> 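The structure that follows is given in the form of structure tokens.
Since the structure is predicted, the reported quantities are computational estimates derived from the model, not experimental observations.
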2 protein chains.
Amino acid sequence: MSRVDVRERILEAAGPVFAEKGFERATVREICQGARVNVAAVNYYFGDKRRLYVEVVKRAHHPAGDPNGLLQWSPGTPPEVKLRDCIRAMLARMLTERAPWQRQLMMREMLHPSFACRELVQLYIRARFGQLLEVLAEILPADVPVHKRHQIAFSVVGQALHYHVASAVVEVLVGPEERATHYGPEELADHIADFTLAALGLAPPVSKAGDREGGVKAGSDG
Amino acid sequence: MSRVDVRERILEAAGPVFAEKGFERATVREICQGARVNVAAVNYYFGDKRRLYVEVVKRAHHPAGDPNGLLQWSPGTPPEVKLRDCIRAMLARMLTERAPWQRQLMMREMLHPSFACRELVQLYIRARFGQLLEVLAEILPADVPVHKRHQIAFSVVGQALHYHVASAVVEVLVGPEERATHYGPEELADHIADFTLAALGLAPPVSKAGDREGGVKAGSDG
DNA sequence: AATTGTATCAAACAATTGTTTAATGTCAAC
DNA sequence: GTTGACATTAAACAATTGTTTGATACAATT
């Protein structure tokens, strides 16, 4: 059993454990048991638990070459379509059960950033956020200030993230049957895309409320 | 030092600790130290740590009489105003630094529900969610199906919740100065309200993009 | 004053954690 | 074959956790 073998097996075993339980609740004993390796091996090869965690996070960001890259579109794709694709991908990323542990780990570090690899996780987020901002730039007028663009982007992200962090609440509020029927990734992505495009003026108001007259353009008495 | 004194002091000391650290990371030693009481007192009065936690959660829901009640409006208040008020209250609830420990605890139980008091926490959420649905009912046409109403409500909640759960990410992405300038509760509430009302057709599209013609009603070549 | 039941306390207990140690194993180089 | 550097192991260590214990203090009752 060569030395790289053991080191590798620890890293592979540690990934899913850290992803599922987080740094604190994961135990080196469980990791070593999963890797069929002595407990002392972690300290021997990585110094301590923290440095093992850092290595695992680094691995999660570079999963063997090309990571789950950004979206690509053929030239001329309308920005509404791009936005819809962004939202669809985002939701798929967040709602997938049995997501690969790399994604779980990144999500965990995003929501509860630990000592490890700030800049690495930041890169992971920034790439996606940047792409969303680019798509929005094709939609919004040029004079929209940067902070307003950010707020709009966060409105998109927030709608999607809600179904990740508050999934338990959703289930409780709407009941299991509606949950099973109407909260699949595709339908939710469509809703969020419709909602967002309507807010941006690129689609009719949601719920076909478009036939209500007077609301939109006329400020009425305001 | 009478018996109710000690029991009370433990409950009072446990509240903030559980709210800040959660059930697992909170230690009975820290709680008892804060209450200036022997460690054994928790088990003497509550049996074990779990039952103490349950008592604390119950207390958090009934903070001595009138809890932070629902919003009230004078008759005739336009639904747009009500919705804006809902969003403002929601954001204030989520963004307040140094929030009372009762709110912190409820928020924690919402996002990471534990063994304790499912139905209690559910009541807490359901009340607010129900009020939001009532306001939406005044806005949406009657034929909008119930699941669509729920999705719309979640779009509102999600936008607000995002600034609670992903506040670290927001800071990283926009930088501390923009964060300090444009992410106060009031401005965010206004943005979310504008965004939502625009999506529902009760306000012009965000960022004054209303002067872009052709986008809305014409499906163009779709 | 003696008794009784409860409250409090310091200390111990048992389990789990990350980490260290000291002995043993492995295997290539000399 | 011996040496020596690295790998691996079982066991112990130290710290922290929730919980239990057995003694003691106290207050009311007999």
> When the axes are fitted on five pairs at both termini, how much does the helix from dA1(C)-dT30(D) to dT16(C)-dA15(D) curve, in 10° steps?
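For the helix from dA1(C)-dT30(D) to dT16(C)-dA15(D), the axes at opposite ends meet at about 30°.
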
> Are the charged groups of E24(A) and R25(B) less than 4.0 angstrom apart, N to O?
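Yes.
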
> Picking from dT8(C), dT8(D), dT17(C), which would you name as closest to the side chain of V6(B)?
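Taking heavy atoms from C-beta onward, the closest nucleotide is dT8(C).
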
> Salt bridge check: are R51(B) and D48(B) linked by an N-O gap of less than 4.0 Å?
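Here R51(B) pairs with D48(B) in a salt bridge, since their nearest N and O are under 4.0 Å apart.
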
> Would you verify whether the NZ or CZ of R128(A) falls within 45 degrees of the ring axis of Y124(A) while also being under 6.0 Å from that six-membered ring's centre?
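Here R128(A) passes the 6.0 Å and 45° test against Y124(A).
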
> Is any NZ, NE, NH1 or NH2 atom of the basic residue among E30(A) and K21(A) found under 4.0 Å from an Asp or Glu carboxylate oxygen of the other?
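A salt bridge is present here (some side-chain N lies under 4.0 Å from a carboxylate O).
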
> Taking side-chain contact (heavy atoms from CB on, under 4.5 Å) as the definition, give me every residue that meets it alongside V169(A), ordered by chain and number, with sequence neighbours left out.
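For V169(A), the residues satisfying side-chain contact (heavy atoms from CB on, under 4.5 Å) (neighbours in sequence not counted) are A166(A), L173(A), M110(B), I125(B).
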
> Go along nucleotides 19-25 of chain C 5' to 3' and tag each nucleotide: B for a protein heavy atom under 4.0 Å from its base, S when only backbone or sugar atoms are that close, - otherwise.
BBB----

> Rounding to an integer number of Å, can you tell me how far F46(B) CZ sits from dG18(D) C1'?
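Rounded to the whole Å, the gap is 16 Å.
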
> Does F23(B) have its ring centroid less than 6.0 Å away from the ring centroid of F115(B)?
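Close enough - the centres of the two rings lie under 6.0 Å apart.
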
> How close or far is atom P of dA7(C) from atom CZ of R9(B), stated in whole angstroms?
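Those two atoms, CZ and P, are 15 Å apart.
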
> Does a donor on one side chain sit under 3.5 Å from an acceptor on the other, for H182(A) and E187(A)?
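Yes, a side-chain donor-acceptor pair sits under 3.5 Å.
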
> Using whole Å, what does the distance between atom C1' of nucleotide dT16(C) and atom NZ of K21(A) come to?
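Distance check: K21(A) NZ to dT16(C) C1' gives 13 Å.
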
> Could you state the atom-to-atom distance from CD1 of I31(B) to C1' of dT17(D) in whole Å?
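Distance, rounded to whole Å: 13 Å.
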
> Using whole Å, what does the distance between atom P of nucleotide dG18(C) and atom CD of E24(A) come to?
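So the CD-P distance, E24(A) to dG18(C), works out to 10 Å.
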
> Taking the six-membered ring for Trp and the full ring for Phe, Tyr or His, determine whether the centres of F154(B) and F129(B) are under 6.0 Å apart.
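Judged by ring-centre distance (under 6.0 Å), F154(B) and F129(B) do meet the cut-off.
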
